[in-house]
Number of protein chains: 2
Amino acid sequence: MKVLIVEDDPLHRSYLHEAVNAALPECDTVIEAENGTVGEKLARDHKSAHIVMDLQMANRNGIEAARTIWKERPETRILFWSNYSDEAYVRGVSRIVPDGAAYGYVLKSASDERLKLALRSIFIESQCVIDREVRGLQQKSLGQTNGFTDSEYEILVDIALGLTDRAIAKRRGLSLRSVQNRLQQLYDKLDVYQSAGDDHEDGRFNLRARAITVAFLRKLLNYSALERAEAELQEWLDGK
Amino acid sequence: MKVLIVEDDPLHRSYLHEAVNAALPECDTVIEAENGTVGEKLARDHKSAHIVMDLQMANRNGIEAARTIWKERPETRILFWSNYSDEAYVRGVSRIVPDGAAYGYVLKSASDERLKLALRSIFIESQCVIDREVRGLQQKSLGQTNGFTDSEYEILVDIALGLTDRAIAKRRGLSLRSVQNRLQQLYDKLDVYQSAGDDHEDGRFNLRARAITVAFLRKLLNYSALERAEAELQEWLDGK
DNA sequence: CAACAAGCTGCGGGTTTACGCAAGACGGCG
DNA sequence: CGCCGTCTTGCGTAAACCCGCAGCTTGTTG
């Protein structure tokens with residue numbers, strides 16, 4: 001059995017290497033990649049079936065890399081090992097995981113023990129292992145309670161990219177008014193009014209900009225999500 | 001000599017510990033803190049004069065911690081050790097460093113050798129050591145070329161917070177029109193038009209929102225900068 | 001099938017933005 | 001002092017945004 005490690009940080013990389021050796025005696029080869037681009041290449045060359053991947057990497061982030069890898073070989077098992085459990089990451093991951101694929105999401109703050117367990121469960125038993133904390137987010141975001149619909153999330157991304165209402169309408173195939181309806185929904189859920197209204201005439205916020213910031217502070221958006229969205233936008237613009 | 005290490009990640013923490021021991025034989029005690037809050041407390045209790053500090057920490061980020069520490073004892077020597085060289089961080093740091101204080105900014109990607117050199121230079125020789133890459137940003141941001149004025153940065157933060165033009169005017173003691181002038185300057189420098197104009201009528205952007213995103217993508221803003229700005233805003237709001 | 005909730009759409013109007021134009025204010029500099 | 005560049009401010013306008021109201025299309029449920 002071969003395992004591919006994709007991780008930015010040299011310290012974390014060697015830690016992972018050790019952890020893999022300890023948890024998986026049946027693993028005879030461990031390969032390392034120091035960023036997403038190299039990771040993709042090595043995965044392709046070695047036809048890797050077992051990958052441990054960091055999410056936040058400078059060169060090419062984990063989600064991008066995982067997407068292309070899964071596109072080529074959907075049965076690949078990937079364990080995401082991340083510092084954060086931002087909703088933006090969780091959403092990003094669950095959007096790209098192929099049907100029935102075994103994968104995992106473990107936080108870097110987890111114990112050695114938990115990491116090893118996750119490694120065995122995913123790579124040997126083909127089970128999904130999602131960190132408790134991450135799991136919580138997932139439920140909330142899929143169940144409607146306090147969570148954001150896909151369409152709400154979509155429009156959030158669109159205004160974050162800086163599109164006008166009209167542009168959004170065109171892009172999503174909606175009328176102007178519908179876009180604005182969704183915006184109102186979004187503002188509602190993000191509680192943009194509350195902080196705005198409390199202080200009569202002056203204290204008002206620019207709802208659109210405020211929504212973006214609140215989303216950031218709540219980790220609904222983060223850098224990598226923006227980056228991906230921006231890339232998609234450019235693609236769309238080029239395709240007329 | 002005593003050294004205090006403030007760092008989130010256990011792996012990095014122990015790496016730092018070793019590096020300090022190796023670089024500074026004259027150091028007899030090393031203390032560790034795993035987040036900003038604890039860091040502040042330990043610094044106070046031990047009257048630490050030598051600190052190595054991570055910038056990005058979940059609980060209370062390095063800039064906040066450094067600020068309160070420096071407020072209490074401005075002659076404290078702090079070496080910032082960070083993964084990133086976002087302009088937002090660089091700006092944040094240089095805003096809080098007291099006159100004449102010895103400090104340093106080294107990237108985590110730097111070699112062992114460079115880290116050790118920096119430790120000695122700052123703690124023993126009282127010299128400032130700024131990573132080359134960071135230095136570049138600093139020059140650019142202070143010199144006018146391609147960089148952002150303080151007033152431009154200020155207004156960037158304000159719209160990022162979601163303030164209306166009117167609110168900004170009140171907060172900064174300017175007229176409405178002046179605020180809008182600065183906004184135009186900002187839009188100019190951020191190149192918000194270019195990407196907007198290329199594609200006739202539809203492709204236009206919402207300048208305000210677009211500016212925020214572009215600033216994010218260019219690392220002029222990041223989470224921690226937003227967080228700080230938001231805290232300041234709340235303070236201002238409370239002070240009516 | 002009737003009833004009802006949820007989402008899309010057009011209309012209309014009040015507010016905020018973006019920005020050209022032009023008149024002061026302030027600070028160097030020859 | 002007079003000239004010039006930078007910064008501020010007011011006025012005015014076209015566009016974009018926020019949103020209440022009301023008519024339509026769906027899908028769901030009793």
Side-chain angles (χ1 to χ4, degrees), chain A residues 143-145 147-156 158-197 199-214, chain B residues 143-145 147-197 199-215:
Chain A
Q144 72 289 41
T145 332
F148 290 74
T149 326
D150 282 340
S151 66
E152 283 157 0
Y153 188 73
E154 203 175 61
I155 208 167
L156 168 61
D158 283 341
I159 60 167
L161 285 172
L163 296 174
T164 60
D165 292 4
R166 197 188 312 283
I168 299 174
K170 184 149 300 186
R171 185 176 185 197
R172 305 296 181 190
L174 292 171
S175 77
L176 227 186
R177 191 62 181 86
S178 294
V179 171
Q180 295 173 332
N181 271 342
R182 293 193 176 180
L183 276 177
Q184 279 182 260
Q185 258 175 272
L186 182 69
Y187 297 155
D188 231 17
K189 286 216 186 166
L190 284 175
D191 246 13
V192 189
Y193 300 107
Q194 164 242 4
S195 35
D199 224 276
H200 29 272
E201 326 89 41
D202 306 331
R204 226 187 225 104
F205 282 111
N206 176 316
L207 298 178
R208 191 173 269 249
R210 184 68 183 163
I212 299 176
T213 298
V214 171
Chain B
Q144 73 290 40
T145 334
F148 290 75
T149 326
D150 281 341
S151 65
E152 283 156 1
Y153 188 73
E154 204 177 59
I155 206 165
L156 169 62
V157 171
D158 284 341
I159 61 168
L161 285 172
L163 296 174
T164 59
D165 293 3
R166 198 189 312 283
I168 299 175
K170 184 150 299 185
R171 184 175 187 200
R172 304 297 181 189
L174 291 172
S175 76
L176 225 188
R177 190 61 179 88
S178 294
V179 170
Q180 296 173 330
N181 269 342
R182 293 190 177 181
L183 276 176
Q184 279 182 261
Q185 253 175 277
L186 182 70
Y187 296 156
D188 230 17
K189 286 215 186 166
L190 283 175
D191 248 14
V192 189
Y193 300 106
Q194 165 242 1
S195 34
D199 227 272
H200 30 272
E201 326 86 42
D202 303 334
R204 226 186 227 103
F205 282 111
N206 176 317
L207 298 177
R208 192 173 267 250
R210 185 66 183 164
I212 299 175
T213 298
V214 171

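Per chain, numbering begins at 1; letters A, B, ... match sequence-line order.
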Short heteroatom pairs, N/O only, protein and nucleotides 18-21 of chain D, under 3.5 Å:
residue : atom : partner : partner atom : Å
dC18(D) : OP1  : Y187(A) : OH           : 3.0
dC18(D) : OP2  : Y187(A) : OH           : 3.4
dC19(D) : OP2  : Y193(A) : OH           : 3.0
dC19(D) : N4   : Q180(A) : OE1          : 3.1
dG20(D) : N7   : R177(A) : NH2          : 3.0
dG20(D) : O6   : R177(A) : NE           : 2.6
dG20(D) : O6   : R177(A) : NH2          : 2.7

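- Nucleotide dC17(D) holds its P atom 18 Å from the CZ atom of R166(B), rounded to whole Å.
- When heavy atoms are screened at a 4.0 angstrom cut-off, R172(A) is found touching no nucleic acid atom at all.
- Using a 4.5 Å heavy-atom cutoff, the side chains of L183(A) and I168(A) are not in contact.
- Using a 4.5 Å heavy-atom cutoff, the side chains of Y193(B) and L207(B) are in contact.
- Atom-to-atom, CD of Q185(A) to C1' of dA6(C) comes out at 10 Å; the value is rounded to the nearest Å.
- What separates CG of L190(B) from P of dA18(C) is a distance of 13 Å, to the nearest Å.
- For the salt bridge (charged side-chain N to carboxylate O under 4.0 Å, His left out) test, residues two or more places apart in sequence or in another chain that qualify with R172(B) are E154(B), D158(B).
- In this structure, the CG atom of L186(B) is 11 Å from the P atom of dC19(C), given to the nearest Å.
- What you find for R182(A) and S151(A) is that their closest heavy atoms are NH1-CB, 3.5 Å.
- The distance between atom CZ of R182(A) and atom C1' of dT9(C), rounded to the nearest whole Å, is 13 Å.
- Checking L176(A) against L174(B), the closest nucleotide of DNA chain D that is more toward the 5' end is the one next to L174(B).
- For the atom pair T164(A) OG1 and K170(A) NZ, the distance stands at 9.5 Å (nearest 0.5 Å).
- To the nearest angstrom, P of dT16(C) lies 13 Å from CD1 of I168(B).
- Between S178(B) and dT8(D) there is no side-chain polar atom (N or O) within less than 4.0 angstrom of OP1 or OP2.
- L190(A) places a side-chain heavy atom less than 4.5 Å from the side chain of F148(A).
- Proximity of R177(A) to N181(A): side-chain heavy atoms (C-beta onward) are separated by under 4.5 Å at one or more points.
- A straight line from CD of E154(B) to P of dT8(D) spans 11 Å, rounded to a whole angstrom.
- The nearest whole Å value for the distance from the CD1 atom in I155(A) to the C1' atom in dG7(C) is 13 Å.
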